[in-house]
Amino acid sequence: MMKDTKNILEQASLKQAPFTVPEGYFQTVEDRVRERIAKPERGTRLWTVLKPGMAVAAMFLIIFGIGYATLSLTGTLGSGRSAQLAQAESVSAVEENLNEAIEAVPDEELLEYLTETVSWSDLQSFIAENLQ
């Protein structure tokens, strides 16, 4: 079987060019390229100027729409301000209750409690922090 094979590079079909070029193609290529380069550009159109801006506006609207839809579906749309007000009201209610509780305690009991639980160094640091 090896004796019957001949050198593959000597086959005539491999020496032929597989692709052909039309007659006179390379003689006119240079002229066609020059025509395309030298062709005067058309004036700027309104669409070419507005197209990037429209793309940015569309993306902004899409992102805004996704955010709005998310907030409305979760029920958190518009609740940010009311949540802050509710928190402020609850803090003020706690402060009022604390003030009422402190006023209800007799001064002697309050003074006795403070002398047992607060050290002089704690009292000095508290005064130093709150006077500044």
(message) So, taking the atom named CZ in R32 and the one named OG1 in T28, what distance separates them when rounded to the nearest 0.5 Å?
(response)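 So the CZ of R32 and the OG1 of T28 are separated by 4.0 Å.
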Joint hydrophobic cluster, [X] plus [Y], side-chain heavy atoms closer than 4.5 Å:
X    : Y    : answer
M54  : M59  : no
L98  : L111 : no
I102 : L123 : yes

Counterpart residues, side chain to side chain contact (heavy atoms under 4.5 Å, CB included), relative to [X] (two or more places apart):
X    : value
E109 : V105, P106
V49  : none
V94  : none

(request) Among residues two or more places apart or on two chains, list those pairs meeting salt bridge (Lys or Arg N to Asp or Glu O under 4.0 Å) that have a residue in residues 94-107. (result)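 Passing the test, one end in residues 94-107: no pairs.
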(request) Apply side-chain hydrogen bond (donor to acceptor under 3.5 Å, both in side chains) to E30 and list each qualifying residue two or more places apart in sequence or on a separate chain. (result)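 Checked E30 against side-chain hydrogen bond (donor to acceptor under 3.5 Å, both in side chains); matches are R34.
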(request) For S121, check side-chain hydrogen bond (donor to acceptor under 3.5 Å, both in side chains) against everything at least two apart and list the hits. (result)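 S121 satisfies side-chain hydrogen bond (donor to acceptor under 3.5 Å, both in side chains) with S119 once adjacent residues are dropped.
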Enumerate donor-acceptor pairs with a distance under 3.5 Å from any side-chain N or O in residues 60-74 to protein atoms, sequence neighbours excluded.
| residue | atom | partner | partner atom | Å |
| --- | --- | --- | --- | --- |
| T70 | OG1 | I66 | O | 2.8 |
| S72 | OG | Y68 | O | 3.1 |
| S72 | OG | A69 | O | 3.0 |
| T74 | OG1 | T70 | O | 2.9 |
| T74 | OG1 | L71 | O | 3.2 |
| T74 | OG1 | T76 | OG1 | 3.0 |

(message) Using the salt bridge (Lys or Arg N to Asp or Glu O under 4.0 Å) criterion, which residues pair with E108? Sequence neighbours excluded.
(response)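 If we apply the salt bridge (Lys or Arg N to Asp or Glu O under 4.0 Å) test to E108, skipping adjacent residues, there are no hits.
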